[in-house]
Number of protein chains: 4
Amino acid sequence: MDLSKKRLAHIVFEADDLPGKIFDIVLLVMILGSILVAILDSVASIRAQYGEIFFFLEWLFTILFTIEFLLRVWLSRKATGYIFSFYGMVDLLAILPTYLSFFVVNSQLLTVVRALRLLRIVRILKLGRYVSEAEFLKRSIRSSSHKILLFIGFILTIVLIMGTLMFIIEGPEHGFYNIPIGMYWAIVTLTTVGFGDITPATPLGQFFSSIIMLLGYAIIAVPTGIVSSEMAAQRTREQLAKGIKCNTCGKAGLDPTDAYCKACGEQLP
Amino acid sequence: MDLSKKRLAHIVFEADDLPGKIFDIVLLVMILGSILVAILDSVASIRAQYGEIFFFLEWLFTILFTIEFLLRVWLSRKATGYIFSFYGMVDLLAILPTYLSFFVVNSQLLTVVRALRLLRIVRILKLGRYVSEAEFLKRSIRSSSHKILLFIGFILTIVLIMGTLMFIIEGPEHGFYNIPIGMYWAIVTLTTVGFGDITPATPLGQFFSSIIMLLGYAIIAVPTGIVSSEMAAQRTREQLAKGIKCNTCGKAGLDPTDAYCKACGEQLP
Amino acid sequence: MDLSKKRLAHIVFEADDLPGKIFDIVLLVMILGSILVAILDSVASIRAQYGEIFFFLEWLFTILFTIEFLLRVWLSRKATGYIFSFYGMVDLLAILPTYLSFFVVNSQLLTVVRALRLLRIVRILKLGRYVSEAEFLKRSIRSSSHKILLFIGFILTIVLIMGTLMFIIEGPEHGFYNIPIGMYWAIVTLTTVGFGDITPATPLGQFFSSIIMLLGYAIIAVPTGIVSSEMAAQRTREQLAKGIKCNTCGKAGLDPTDAYCKACGEQLP
Amino acid sequence: MDLSKKRLAHIVFEADDLPGKIFDIVLLVMILGSILVAILDSVASIRAQYGEIFFFLEWLFTILFTIEFLLRVWLSRKATGYIFSFYGMVDLLAILPTYLSFFVVNSQLLTVVRALRLLRIVRILKLGRYVSEAEFLKRSIRSSSHKILLFIGFILTIVLIMGTLMFIIEGPEHGFYNIPIGMYWAIVTLTTVGFGDITPATPLGQFFSSIIMLLGYAIIAVPTGIVSSEMAAQRTREQLAKGIKCNTCGKAGLDPTDAYCKACGEQLP
């Protein structure tokens, strides 16, 4: 078996042949396993029973991730370039918490960092067939980012004004202790979440609540409209650029305004 | 009356003539009736009064469904082919629970299986005019399934990170007992359901809650945009392939870019 | 002043001249006034103070509506044709409750019927500029009614299966007393309303709740997509049929693919 | 340094050179600062500690805003024209509350007016790159305003009828004290907010609640469809009028149906 440095780098960094794919799948299972352990470990009753197994598994995963990290450092053409890249930082963050638990007494914050291991999956998927789909979503959202920022600014203005208004109308006796609480309530209401932990009790408060609810219900149409029209435009553009592919015979580069494949006569998707 | 095996098979499996339609309607009424009985039987006060009638009706429906099932087995060209098909399994699941209630003491789980009888309606509708509409919806959703899967992966990542964060910030004293509970809360909040059974009580928790709510409110635009643009594309394609039909004179195959019917001059739908 | 029967009928049934418009506005104010009286009359503290004035106003509105009803019967070409039309029934329903309050002891149900007076506003608006907009909305919804019915059927199936499942998992001890209550909870959850009056308490129940919430959050995209793509298609069709109008110089029938008015050179809306 | 009246007016009213931009950024920071002070001042525990600093900062901001207001009055070609313009009124409202706090004992209402300072940010952004985006959103919403008004009328009719119905079905014993409370509940439910402060307790009430929830869930598609189709139409029109710009080489006025830039050959956005 060829295990030269170049060959190893290919297996670790690419996924276009069998060993590369197996490496990615093993990594995927390990990441999901380590996250599952972190989740189950937080449940007191399960921890009481399996706490020691979880402790052992957490160290096992950490040691394997450490070996993988060192392998990547060794294999990459420029070690510091890899370490200070986005994925390098994520890989480092995936192993640091467990080692730090020796020094830090309150290790709870380290659990959040362990949840960040999920971000490592992005790299694995990046090499898969989801690239073009993710690119499509990213481009659609980026194209409409200005409109969406404007919309969020508009929402925050409503939240501030409504939060202040409700603080004055309802007051501390109905749970609106201060403006930040009023703004929290306004966000809960405008986004149609509606926990019900704080609710208006005066007729005037209920009237203004009704307005903010109808507003929230109506303006959800705005971001949806922005993204929908953006995606429709992207889709047309993409099809014009690439053409479409026949699912039946596999012929690519077909004119998107055609309804039937000119190669095999089947209806196009 | 012609009741040859071939004729019977036509009545049972097709619905293009009167006897076939009557057979389907009788079956539809029986399915809905058996489900209604299961629903009403679960209400303690109604059961106390009509429990015996429900018991009788349930057995009546089961025996009739059994006869129908045996009929289908006998009439289908290949018996095992029918039994192991999707619809065959659904038909079998529709009658098994009642017979199993002889052997199983805790018969509650069987109630769920009885609810699956509703799936049998799909077959009846499949033969109706809803086929093309269902096809349209199915094709639109399938075309965008990659994008939707990516979106669900993105949501689960947010749910994991936010659930862990809230478990650490709020802790057991405010109802966030462990990470799975935190993730349940994150889903309740992100989807804008907002039961209010668990709510943040600390300012920091309320701040992160506000972020997750605004996020949930904004990203609902993404699946909507995906499906909308997909459907718009599907619709254009479908019209190009089939042409449209004039509602006034019934002329089909018209050019979808026309505004008036070229046969009768009426405005097109 | 010309008050022939024909002239009166024109004032009452049309709204294209000043007297007709005044008649409509007076009627609109009276309808809204009578509904406001019904709303305020239901508030115990306000009723205690102004109950007698409300009683007098209710009778005043009823007598005026009665005169209007008799006028319409007299003026319409065929009296029975008007009375048994949709608007005739609505007009009759607007005056009957008050007269019936003589005979019916429990007059609460009559309040709902009084709320139906609001439907009378539809007739007045029908003669206004909202006709074409309402037509557009109606046509878009009717075109997609098959798809929407299919979608509602799909939702009711989920509601039945999930309601039954939760009734079995959570049971009466957590508020899921029977299947109808379980279905009510499933609707509250799937539609993302989330009252929180009934919430899952077991881990398994919370897991299935999470699934139904994510489902509800994702499938909202389907009806939105249906209506959006339908409206986009309607809009294109409408513009092709009618052409568009320049807001600056008022020129109508312009080609919708033009960006500037060919009559005055201004940018088109 | 040139500080003639004309030069000063340019700095204050425009933002196309460095001094103008600095002036705008300083103003932006001051507005956000004064709002932050108002928010924090409402939190009892923070006020107890920093109340005096907040009092001083509030007066500092007020005096600076006053100087800015007088500067604008002096610099504008017609003083009364500026004062009675929309922005003039907003600027005046930004400074009045603090001065009025000398005369008004209950100064809480003044806090709301202070929140209106946020509107001043609009002017600053108006001179930035968000103009065209805001114009796009405004035009899309204005074009569909008739349809949206009709939709809100439809919602209010449902709210009135459902509110009255629930008041009669559930009655005061379940929290539905009068029709306005019933209407408040109907809005909470139809908009899918679902606080849970008032919930139906009778089977009939739960049945009607289910209908209003499914209705609210389905009709959200209507405003979304309106805005989406409107935006798609706007977008097409805009592109036809202006052409699109290549992100790579900066070439503008390109045909929007092209997929590649004809100047540099890069794929168009």
Side-chain angles (χ1 to χ4, degrees), chain A residues 35 38-44 46 108-109 111-112 114-116 118-119 121 125 129-130 133-134 136-137 140-141 148 151-152 155 180-181 183-184 187-188 190-197 216 220 223-236 239 257-260 267-269, chain B residues 139 143 146-147 149-151 153-154 156-157 160-161 163-165 167-168 171-172 177-183 188-189 191-196 198-201 203 206-207 209-210 213-214 216-222 224-230 232-234 236-242:
Chain A
I35 286 167
I39 291 177
L40 292 176
D41 196 40
S42 77
V43 185
I46 300 177
Q108 282 210 305
L109 253 168
T111 318
V112 188
R114 274 161 75 189
L116 291 176
L118 219 82
L119 290 176
I121 292 175
L125 292 179
R129 54 185 171 175
Y130 287 91
E133 306 291 347
F136 176 83
L137 288 182
S140 297
I141 290 165
I148 287 174
F151 178 71
I152 288 175
I155 284 196
I181 291 272
M183 288 171 71
Y184 162 72
I187 290 173
V188 168
L190 191 78
T191 57
T192 79
V193 170
F195 281 136
D197 49 350
I220 185 93
T224 308
I226 293 169
V227 176
S228 289
S229 64
E230 196 58 49
M231 281 186 176
Q234 280 282 349
R235 218 172 171 287
T236 314
Q239 285 194 338
T257 60
D258 286 348
Y260 294 97
Q267 197 182 324
L268 290 173
Chain B
R139 212 154 44 200
S143 299
H146 272 297
K147 290 194 195 74
L149 268 179
L150 207 76
F151 178 71
F154 175 66
L156 288 180
T157 309
L160 177 64
I161 291 173
T164 310
L165 209 62
F167 160 62
I168 287 158
Y177 296 109
N178 45 54
I179 296 180
I181 292 271
M183 288 171 72
V188 168
T189 306
T191 57
T192 78
V193 171
F195 281 136
I198 310 162
T199 50
Q206 290 176 340
F207 175 73
S209 301
S210 298
M213 282 182 256
L214 287 173
Y217 185 66
I219 59 181
I220 185 94
V222 176
T224 308
I226 293 169
V227 176
S228 290
S229 65
E230 197 57 50
Q234 279 283 350
T236 314
R237 186 150 296 283
E238 207 171 58
Q239 284 193 339
L240 282 171
K242 293 186 196 165

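Letters A, B, ... are given to chains in the order of the sequence lines, protein chains preceding strands, and every chain is numbered from 1.
Using a 4.5 Å cut-off between heavy atoms, Ser209(B) contacts chain A through its side chain alone, with no backbone atom that close. Neither the backbone nor the side chain of Ile152(A) comes within less than 4.5 Å of any heavy atom of chain B. Looking at Ile46(A), neither its backbone nor its side chain comes within 4.5 Å of chain B, counting heavy atoms on both sides. Heavy atoms of Val227(B) lying under 4.5 Å from chain A are absent altogether. For chain B, the nearby part of Ile35(A) is the side chain; its heavy atoms alone come within less than 4.5 Å.
Between the side chain of Tyr217(B) and the backbone N or O of Thr192(A), no donor-acceptor pair lies under 3.5 Å.
Ile187(A) and Ser210(B) make their closest contact through CD1-CB, 3.6 Å (heavy atoms, listed as atom of the first residue, atom of the second, distance).
Options Leu156(B), Ile219(B), Ile198(B), Val222(B) differ in how many heavy-atom pairs under 4.5 Å they form with chain A, and the most are formed by Val222(B). Per-residue counts of heavy-atom pairs under 4.5 Å with chain A were compared for Gly182(B), Ala201(B), Pro180(B), Ser228(B); the largest is that of Pro180(B).
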* **side-chain contact (heavy atoms from CB on, under 4.5 Å) assessment of Phe207(B) paired with Met183(A)** => CA-CA 10 Å; Phe207(B) 175 73; Met183(A) 288 171 71; over 6 Å; no
* Give the intermediate values and the outcome of side-chain contact (heavy atoms from CB on, under 4.5 Å) for residues Thr189(B) and Phe195(A). => CA-CA 8 Å; Thr189(B) 306; Phe195(A) 281 136; 3.4 Å; yes
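To the nearest 0.5 Å, the span separating CD1 on Ile39(A) from OG1 on Thr164(B) amounts to 6.5 Å.
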